[in-house]
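Worksheet: the structure to be examined is printed underneath.
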2 protein chains.
Amino acid sequence: MSTADRLIESTRELLWERGYTGTSPKAIQQRAGAGQGSMYHHFAGKPDLALAAIRRTSEQLRAKADEQFTGPGTALERIAAYLRRERDVLKGCPIGRLTQDPDVMADAALRAPVAETLSWLRERLTQVLAEGRERGELDASLDPETTAATIVAVLQGGYVLARAANSVAPFDAAVTGVLGLLTPAVRCGAGATGS
Amino acid sequence: MSTADRLIESTRELLWERGYTGTSPKAIQQRAGAGQGSMYHHFAGKPDLALAAIRRTSEQLRAKADEQFTGPGTALERIAAYLRRERDVLKGCPIGRLTQDPDVMADAALRAPVAETLSWLRERLTQVLAEGRERGELDASLDPETTAATIVAVLQGGYVLARAANSVAPFDAAVTGVLGLLTPAVRCGAGATGS
DNA sequence: GTCTATATAATGATAGAC
DNA sequence: GTCTATCATTATATAGAC
């Protein structure tokens, strides 16, 4: 891995663990095993490096999510697979946590990939839900767009509850709860006739 | 308002806006119109002042939530009133945001009120849901505990989505979505016989 | 109680040698 | 490309006068 890559990876880790304000250039350099000059040779400064890190994290997040969204099964099964996927729950969402960083939100360039990632997630889930509704897997009364927002919010909020409790239990409960709410939508609308 | 009170209020505002790491004693003093000596006379330091601020914010949050929980209407109506209550959505949750502050989570004293507040919210909603189920307002298959976790998560996650989008729309969508999912639980279980 | 030094470390960067 | 000064500013206090 090149020095530039190591700097980006270190920044990704530190942004996840400590946020933008809590991450100093010095800490990044030490974790990457690079000197000051090295960092400022490859990147204009902390914001420039953070942008590269956030973009890479955003790409990885989307790719991992798409694994579940494009996987096998009904819409509900794919959503359950996504929500129940193995996650570093106690570390939280590496993208969602940046919304609490005022310096990130204040910088249009840093903010854009955060906004795009969460919008993309909602859109992608909207598609999956709409598809499930068309196929009769989900109740016709279910609104794909608002339900997609709910599902993404449950994830993001589940991380918050887990971090507060220092336990994955509230995250798991929130996921179980929303899947429980989604399941009757199948029973009531499509009937208990199938499989 | 006393100097100590002004310091606590300034800290509350800054913790909400910029988090713990992003809030300096100097910024607190300037907003409170107090000098260094004044702050260190009343409080042992930044953690001590933050603790007082977090405790006060926690109390206010619980009191405001209880207004809706103990209000009139069915369980679902009270939950809808709570979720749809007027909020500073783009500022996020003053308690939930602290879960992203590593220095807060690393300090047992600072962490405790954060953990307690979110636990309390889940417990309180669990009670409201259990009550609604007993009264036949909600489907018997609905699990109060996991559903309560889902509702709190939707709130916390809704804030994240709103901040990312710099718009209240995703928050409102998430709330509408979860209320939509809760509503069929009434129709299916209790039947469309009532009112 | 409040104020003004004073102090130590960290932050975020620049300059220039190698 | 990487390294070692160097630098101005901020963070987080302490000390002691008033």
Side-chain angles (χ1 to χ4, degrees), chain A residues 1-56 97-98 100-111, chain B residues 1-56 97-98 100-111:
Chain A
M1 199 159 43
S2 71
T3 299
D5 263 326
R6 288 204 317 281
L7 285 164
I8 292 176
E9 287 304 309
S10 300
T11 305
R12 270 157 40 82
E13 290 170 18
L14 284 164
L15 285 182
W16 197 359
E17 293 167 16
R18 303 200 41 83
Y20 184 80
T21 305
T23 296
S24 68
K26 190 180 177 185
I28 293 170
Q29 293 151 24
Q30 287 178 336
R31 189 170 294 211
Q36 297 245 66
S38 199
M39 175 184 140
Y40 285 102
H41 170 73
H42 292 288
F43 300 94
K46 182 176 163 180
D48 186 37
L49 186 41
L51 181 58
I54 294 171
R55 280 188 175 149
R56 188 176 288 186
R97 74 109 56 232
L98 297 172
Q100 305 301 334
D101 242 306
D103 296 341
V104 170
M105 291 298 100
D107 183 327
L110 294 179
R111 171 186 213 130
Chain B
M1 200 159 43
S2 71
T3 301
D5 264 326
R6 287 204 320 279
L7 284 164
I8 292 176
E9 288 303 308
S10 300
T11 305
R12 272 158 37 83
E13 291 171 17
L14 284 163
L15 285 181
W16 197 359
E17 292 167 16
R18 304 200 40 84
Y20 184 80
T21 305
T23 296
S24 68
K26 190 179 176 185
I28 293 170
Q29 293 151 23
Q30 287 180 335
R31 189 171 296 211
Q36 299 245 66
S38 199
M39 175 184 140
Y40 285 102
H41 170 76
H42 291 288
F43 299 94
K46 183 177 161 180
D48 187 37
L49 186 42
L51 181 58
I54 294 171
R55 281 188 173 148
R56 187 175 288 185
R97 73 110 56 233
L98 297 172
Q100 305 300 334
D101 241 306
D103 296 342
V104 170
M105 292 295 102
D107 183 326
L110 294 180
R111 174 188 209 129

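In the text below, chain A, chain B and the rest are named by the order of the sequence lines, each starting its count at 1. We use all heavy atoms of the structure for the numbers below, so side chains are in, but hydrogens, waters and symmetry mates are not.
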Would the number of heavy atoms belonging to other residues, nucleotides or ligands and lying under 6.0 Å from CZ of A:R31 be above 12?
yes

Below 4.0 Å: OP1/OP2 of D:dT2 and any side-chain N or O of A:T3
yes

Under-4.0 Å salt bridge between A:R6 and A:E9
no

Name every residue in residues 5-29 of chain A that has at least one heavy atom under 4.0 Å from any atom of DNA chain C, in order of residue number, or write none if there are no such residues.
A:T23, A:S24, A:P25

Is B:D5 close to B:R56 at the side-chain level, that is, under 4.5 Å between some pair of heavy atoms?
yes

When rounded to whole Å, the CD to C1' distance for the pair A:Q30 and C:dG12 reads 14 Å

Find out whether B:D103 and A:R18 are in side-chain contact, i.e. whether some heavy atom of one side chain is under 4.5 Å from a heavy atom of the other.
yes

Locate the shortest heavy-atom distance separating A:K46 from A:T23; write the atom from each residue and the value.
NZ-O, 2.8 Å

Where along residues 32-44 of chain A does a heavy atom fall under 4.0 Å from DNA chain C?
A:Q36, A:Y40

Residues that A:Q29 engages under side-chain contact (heavy atoms from CB on, under 4.5 Å), provided they are two or more places apart
A:P25, A:Q36, A:M39, A:Y40

With a 4.5 Å cut-off on side-chain heavy atoms, are A:L110 and A:Y20 touching?
yes

With side chains defined as the heavy atoms from C-beta onward, is the minimum distance between A:F43 and A:L51 less than 4.5 Å?
no

